[in-house]
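Taking it in order: structure first as structure tokens, then the write-up.
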Amino acid sequence: MVQQDALLRYILFFISGALATLAFAPFNLPVFSIISVAGAYLLLQSPVTDRSFFSGWSFGSGYFGAGTSWVFVSIYYHSNTPLFLAIVLTLMFVVGLGLLFAVQFWSYRRLFKQGGILGFGAIWMLFEWLRSWLFTGFPWLYVGYAWIDTPLAHLAPLGGVWLVSTAVVLIALLIAQSLLSRNLLPLAGSVAILVTGYLIPTDW
């Protein structure tokens, strides 16, 4: 039963990560970035035995597995790599990147044993920044990019994609906290962040 619960947990994390892909082109449904982040946070609050490292690895594998399908296209179609080798290389790439989320979630659970949305948000942004330069960088799938055609994009002149991502992550976490606490106050905070996008000047 414990193994079945763990497997279900990993599947849910994988799905939560994969859903983020719908926020980006060609789907362009940015709300799914909120669903993905909020889902990851809610799943991490589960009272079951802590498996944050492998939970993060599952989330990251779904996140990058669904979001970087173009890597397979580049390897197989444009490099004339044999199909089996292209699949293996793509899987290694995805699983390797997924380790970043594994360390991210593990760090969150170790540093913030009592949970908390601010800790989760800070660690998320730290690792988005880390991905921008680690091993020469992989600046794809930052959640802020999904909101480039929304009022939250008005934050970009003030802090680039980092500030937009921070706003999106905070919105997701406030919604998640509202669900956990059954309190509408955090939800009001997420609405306030969205409204801020409309109040910021658009011409700089």
Side-chain angles (χ1 to χ4, degrees), residues 9 12-24 27-48 50 52 55-56 58-60 62-63 67 100-101 103-132 141-202:
R9 177 184 175 90
L12 290 175
F13 270 105
F14 184 91
I15 292 173
S16 182
L19 284 176
T21 302
L22 297 175
F24 302 95
F27 307 103
N28 298 314
L29 299 170
V31 68
F32 278 95
S33 62
I34 290 177
I35 294 173
S36 180
V37 175
Y41 178 78
L42 290 172
L43 286 169
L44 274 177
Q45 309 313 308
S46 171
V48 300
D50 182 30
S52 54
S55 296
S58 299
F59 179 89
Y63 194 88
L100 289 172
F101 273 107
V103 177
Q104 176 180 328
F105 286 15
W106 179 86
S107 299
Y108 166 69
R109 294 297 287 173
R110 290 300 175 275
L111 295 175
F112 302 94
K113 295 184 181 299
Q114 301 302 318
I117 61 174
L118 293 181
F120 186 90
I123 295 269
W124 184 288
M125 291 312 305
L126 174 63
F127 273 81
E128 276 209 359
W129 170 77
L130 186 66
R131 279 199 284 123
S132 71
L141 301 180
Y142 298 155
V143 292
Y145 286 149
W147 294 77
I148 194 65
D149 294 320
T150 74
L152 286 183
H154 300 161
L155 295 169
L158 299 175
V161 68
W162 311 117
L163 186 55
V164 182
S165 285
T166 299
V168 174
V169 170
L170 282 176
I171 290 170
L173 295 178
L174 286 168
I175 292 173
Q177 187 61 37
S178 183
L179 292 173
L180 284 174
S181 64
R182 297 181 181 179
N183 187 334
L184 292 179
L185 187 59
L187 185 61
S190 66
V191 173
I193 296 174
L194 281 170
V195 171
T196 300
Y198 287 93
L199 301 178
I200 296 175
T202 58

- Should the ring pair F120 and F105 be called parallel, tilted or perpendicular, given that the plane angle runs from 0 to 90° and is split at 30 and 60?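 Tilted, since the angle between the ring planes falls between 30° and 60°.
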- Using the ring of each side chain (for Trp, its six-membered ring), is F59 parallel, tilted or perpendicular to W124, with breaks at 30° and 60°?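 Rings of F59 and W124: perpendicular, over 60°.
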Would you say [X]'s side chain and [Y]'s backbone share a donor-acceptor pair under 3.5 angstrom?
X	Y	answer
Y145	S165	no
H154	T202	no
Y63	L141	yes

- Message: Let's go through Y108 and F127 carefully: what are the C-alpha distance in whole Å and the side-chain angles of both, what is the deciding distance for side chain to side chain contact (heavy atoms under 4.5 Å, CB included) to 0.1 Å, and is it a yes or a no?
- Response: CA-CA 11 Å; Y108 166 69; F127 273 81; over 6 Å; no
- Would W147 and L155 count as a side chain to side chain contact (heavy atoms under 4.5 Å, CB included) if you check the C-alpha gap in whole Å, the side-chain angles of each, and the deciding distance to 0.1 Å? CA-CA 10 Å; W147 294 77; L155 295 169; over 6 Å; no
If you take all heavy atoms of [X] and [Y], which pair is closest and at what distance?
X	Y	result
S16	A40	OG-N, 3.4 Å
F13	S58	CB-CB, 4.0 Å
E128	Y142	O-OH, 3.3 Å
F32	L19	CB-O, 3.4 Å
W106	S52	CA-OG, 3.5 Å
G60	F101	CA-CD1, 3.5 Å

- Step by step, would you call S132 with W162 a side chain to side chain donor-acceptor pair (under 3.5 Å)? CA-CA 11 Å; S132 71; W162 311 117; over 6 Å; no
- Here the gap from R109 atom CZ to Q104 atom CD, rounded to the nearest 0.5 Å, amounts to 13.5 Å
- Message: I need the T21 OG1 to L29 CG distance, nearest 0.5 Å.
- Response: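 Going from OG1 on T21 over to CG on L29, the span is 11.5 Å.
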- Criterion side chain to side chain contact (heavy atoms under 4.5 Å, CB included) on L126 and W129, from CA distance to verdict: CA-CA 5 Å; L126 174 63; W129 170 77; 4.0 Å; yes
- Task: Start with the C-alpha distance between V143 and V37, add both sets of side-chain angles, then the distance that settles side chain to side chain contact (heavy atoms under 4.5 Å, CB included), and finish with yes or no.
- Result: CA-CA 9 Å; V143 292; V37 175; 4.2 Å; yes
Could you pull out all donor-acceptor pairs under 3.5 Å where a side-chain atom in residues 169-182 meets a protein atom, sequence neighbours excluded?
{"unit_1": "S178", "atom_1": "OG", "unit_2": "N183", "atom_2": "O", "d": "2.6"}
{"unit_1": "S181", "atom_1": "OG", "unit_2": "Q177", "atom_2": "O", "d": "2.8"}
{"unit_1": "S181", "atom_1": "OG", "unit_2": "N183", "atom_2": "N", "d": "3.4"}

